[in-house]
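Single-structure report; data block below.
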Amino acid sequence: MTVKLTLIKIGELDIQLSRKDIKNLHISVMPPDGEVRVSAPKAMTDTAIRMAVIHRISWIRRQQASFAQQERQSTRQMISGETHYLWGRRYRLEVIEISNGQNKPNEVKLKSGRLKLYVSPNTTTGNKAKLLNDYYRLRLKARVPGLLDKWSTRLGVSVESWQVKRMKTKWGSCSVEDRRIWLNLELAKKPINCLEYIILHELAHFKERNHNTQFKAILDTHMPDWQSRRDMLNQMPLSEETWSGNGLSDNL
């Protein structure tokens, strides 16, 4: 079901407001530009929403300042010498053209501390990027099953299916009814412990739908350092082309 967003202004802040069947008001500051989103209970008055946001203005401004200072990657040209990330580490890209007589497939290999991109002559930038993204997808899909088994067992929940896809505003999402989760392809560029945090985060929603005290207690119990992992994820360089993130959130 599509959630209706309403644009409201509180002081100098532009707020994206949505009303949901939830108990507590939830404020999120989203990368890369610090957009503020508020999810409020349907019965909450406009005045109460405004007062809650005003109460958290200082916190919101701190998070926006943090995003403004965050490192950003320039648009990738897919040429030799560029920096690309895999599991939180920087690697230099080396583009190697395959001659027609070599009869080798276009592929990506991590070799000698470099991401080596083997491509046919005249391969477009878009196709080079697709080849690298396919490589990220394979690496991410190889890591996920073990982590899903680990955390679904610890939480005592079952997962019917999972998928990797490109997302604009979230590191992960889930359908509690279908026991399904989705993971952002960009997670292949982040440290493994960040991927593990997102998997736990989504699985925790199978036990508690909302980001409330009970939800945080689940994270505290099973991953005491979850907040530092979340902060690490949000402090990693943002891509100018595809940005994503759960943002920084607060519940009231």
Response to the item:
Separation between CG (L200) and CG (L147), nearest 0.5 Å, reads 10.5 Å
Discussion item. T125 vs I79, test: side-chain contact (heavy atoms from CB on, under 4.5 Å). Steps then yes/no.
Written reply: CA-CA 8 Å; T125 300; I79 58 177; over 6 Å; no
Response to the item:
Minimal heavy-atom distance between Y91 and G113, with the atoms involved, is CD2-O, 3.5 Å
Practice prompt. In plain terms, say whether D225 and R229 are close enough for a salt bridge, that is, a side-chain N and a carboxylate O under 4.0 Å apart.
Written response: yes
Practice prompt. State the NZ-OG1 distance between K216 and T221, to the nearest 0.5 angstrom.
Written response: 14.0 Å
Worksheet entry | Candidate pair F215 and H201, rule side-chain contact (heavy atoms from CB on, under 4.5 Å), full reasoning | CA-CA 9 Å; F215 180 83; H201 181 110; 3.8 Å; yes
Worksheet entry | Donor-acceptor contact present, side-chain K128 to main-chain V119, <3.5 Å | no
Worksheet entry | Residues S28 and R37: side-chain donor-acceptor under 3.5 angstrom | no
Worksheet item: So does R209 pair up with E177, basic N to acidic O under 4.0 Å?
Response: yes
Worksheet entry | Atom pair CE (M167) and CG (L185), whose distance is rounded to the nearest 0.5 Å | 10.0 Å
Practice prompt. Apply side-chain contact (heavy atoms from CB on, under 4.5 Å) to V108 and Y136, showing your working.
Written response: CA-CA 10 Å; V108 179; Y136 282 134; over 6 Å; no
Worksheet item: Under the 3.5 angstrom rule, does the side chain of N106 hit a backbone N or O of S120 as a donor-acceptor pair?
Response: yes
Fill in: For V38 against I27, the heavy-atom pair lying closest together
CG2-CG1, 4.2 Å
Worksheet entry | Side chain S152, main chain S158, donor-acceptor under 3.5 Å | no
Practice prompt. Show your working on salt bridge (charged side-chain N to carboxylate O under 4.0 Å, His left out) between R50 and D46 and close with a plain yes or no.
Written response: CA-CA 6 Å; R50 289 178 178 275; D46 290 348; over 6 Å; no
Practice prompt. Might you confirm whether atom CG of N122 has over 12 heavy atoms from other residues, nucleotides or ligands at distances under 6.0 Å?
Written response: no
Worksheet entry | Under 3.5 Å donor-acceptor, Q63 side chain and W59 backbone | yes
Worksheet item: Mind checking whether H205 and H211 have parallel, tilted or perpendicular rings, split at 30° and 60°?
Response: perpendicular
Item to complete: Might you confirm whether atom NZ of K9 has over 12 heavy atoms from other residues, nucleotides or ligands at distances under 6.0 Å?
Response: yes
Discussion item. Just verifying a value: how many Å separate I22 CD1 and N212 CG, rounded to the nearest 0.5 Å?
Written reply: 10.0 Å
Discussion item. Using a 3.5 Å distance criterion without hydrogens, assess whether the side chain of R139 forms a donor-acceptor pair with backbone atoms of A188.
Written reply: no
Worksheet item: Under the side-chain contact (heavy atoms from CB on, under 4.5 Å) criterion, do Q77 and L93 qualify, and how do the steps go?
Response: CA-CA 11 Å; Q77 300 297 319; L93 184 69; over 6 Å; no
Discussion item. Please list all pairs meeting salt bridge (Lys or Arg N to Asp or Glu O under 4.0 Å) that have one or both residues in residues 140-165, counting only residues at least two apart or in different chains.
Written reply: K150-E196
Discussion item. Hydrophobic clusters here meaning ILVMFWY residues chained together by side-chain heavy-atom distances under 4.5 Å, can you tell me if L110 and L195 are in one?
Written reply: yes
Item to complete: Could you check whether the rings of W151 and H222 sit parallel, tilted or perpendicular, using 30° and 60° as the cut-offs?
Response: perpendicular
